[in-house]
Amino acid sequence: MSEIRYVRGDATAPQGKGVKVIAHVCNDIGGWGKGFVLALSRRWSEPEAAYRRWHRQRAGNDFALGAAQFVQVGPYLWVANMVGQRGVRTGSKGVPVRYEAIDTALAAVAGKALELSASVHMPRIGCGLAGGTWSRIEPLIAARLTARGIDVTVYDHD
């Protein structure tokens with residue numbers, strides 16, 4: 001089992017060699033406009049366009065909490081749009097993060113990473129606007145990814 005590697009840097013510029021998957025959390029209402037997605041959109045237009053299309057056509061596809069969409073943005077680089085938060089606001093039902101949904105989406109990311117022989121790179125998913133805590137997310141990453149031998153790098157932006 002590998003360990004999660006923590007580095008300072010930009011998750012949209014993943015370090016290392018080989019195929020890479022950048023994983024991040026999206027909401028279930030089609031919103032894309034705050035947080036890490038802005039950094040993604042500054043670098044590539046495809047992840048946002050694919051996510052918006054996926055949401056718009058949700059009546060005929062798998063768009064839902066726990067789903068993951070894989071968008072290729074380079075010859076050896078993919079972005080995983082993981083639907084892991086309900087809405088965008090903290091309210092009577094608590095913060096938007098849905099740990100079960102992130103867990104399910106991470107399982108899909110693991111499958112894709114193994115298929116591609118890829119490493120996985122991410123910010124501290126679910127802990128920004130989604131309102132989650134890293135102490136609940138980190139064990140999900142360990143169980144779904146590193147326990148299966150997938151190299152994971154988590155980026156803390158300066």
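Rounded to the nearest 0.5 angstrom, Q69 CD and C26 SG are separated by 8.0 Å. One finds the OG1 atom of T12 at 11.5 Å from the CG atom of L38 (value rounded to the nearest 0.5 Å). Interatomic distance, NE2 of H24 versus CG of N81, reported as 3.5 Å (0.5 Å rounding). Taking CG of L40 as the reference point, atom CD of E48 lies at 9.5 Å (rounded to 0.5 Å). Rounding to the nearest 0.5 angstrom, the gap separating the OG1 atom in T146 from the CD atom in E138 is 9.0 Å. Here N61 contributes atom CG and R56 contributes atom CZ; the two are 11.0 Å apart, rounded to the nearest 0.5 Å.
The two residues P123 and A23 make their nearest non-hydrogen contact at CD-O, 3.5 Å. Nearest heavy atom pair, residue V97 against residue G131, reads CG1-C, 4.3 Å. Heavy atoms only, all atoms of each residue included: A64 and V83 are closest at O-CB, 3.3 Å. Looking at every heavy atom in both residues, R148 comes nearest to G111 through NH1-N, 4.4 Å. When every heavy atom of A11 is checked against every heavy atom of P14, the shortest pair comes out as O-CD, 3.7 Å. Across every non-hydrogen atom of I4 and A142, the tightest pair is CD1-N, 4.4 Å.
V120 and V71 fall into different hydrophobic clusters, where Ile, Leu, Val, Met, Phe, Trp and Tyr side chains are chained together by heavy-atom contacts under 4.5 Å. Linking ILVMFWY residues whenever their side-chain heavy atoms come closer than 4.5 Å, directly or via other members, places L140 and W134 in the same cluster. Residues I150 and V109 share a hydrophobic cluster, clusters being chains of Ile/Leu/Val/Met/Phe/Trp/Tyr side chains in contact below 4.5 Å. Grouping the Ile, Leu, Val, Met, Phe, Trp and Tyr side chains by contacts below 4.5 angstrom, directly or via other members, places V19 apart from L77. L114 and I141 fall within the same hydrophobic cluster, where Ile, Leu, Val, Met, Phe, Trp and Tyr residues are linked whenever their side-chain heavy atoms come under 4.5 Å apart, directly or through other members.
Within a 6.0 Å sphere centred on OH of Y6, other residues, nucleotides and ligands contribute more than 12 heavy atoms.
Between F63 and W54, a ring centre-to-centre spacing shorter than 6.0 Å is recorded.
Checking side-chain atoms of R52 against main-chain N and O of W32 turns up a donor-acceptor pair under 3.5 Å. Between the side chain of R98 and the backbone N or O of L65 there is no donor-acceptor pair closer than 3.5 Å.
Between D10 and R42, none of the side-chain N atoms (NZ, or NE/NH1/NH2) sits under 4.0 Å from a carboxylate O, so this pair counts as no salt bridge. For D156 and R8, the salt-bridge test fails: no basic side-chain N is under 4.0 Å from an acidic carboxylate O.
A heavy-atom distance below 4.5 Å is not found between the side chains of F70 and L116. Counting only heavy atoms from C-beta outward, the side chains of T133 and Y99 approach each other to under 4.5 Å. Between L145 and M122, some side-chain heavy-atom pair lies under the 4.5 Å cut-off.
Screening N27, T90, V88 for a side-chain contact (heavy atoms from CB on, under 4.5 Å) with P96, the sole residue that qualifies is T90.
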Verdict with supporting geometry, L106 and I125, side chain to side chain contact (heavy atoms under 4.5 Å, CB included): CA-CA 11 Å; L106 284 170; I125 59 170; 4.2 Å; yes
Chi angles and distances behind the side chain to side chain contact (heavy atoms under 4.5 Å, CB included) call for Q15, Y155: CA-CA 10 Å; Q15 302 173 8; Y155 296 77; 3.9 Å; yes
Step-by-step side chain to side chain contact (heavy atoms under 4.5 Å, CB included) determination, F36 to V25: CA-CA 9 Å; F36 182 71; V25 170; over 6 Å; no
I137 and R124: CA distance, side-chain angles, deciding distance, side chain to side chain contact (heavy atoms under 4.5 Å, CB included) verdict: CA-CA 8 Å; I137 302 274; R124 289 189 187 239; over 6 Å; no
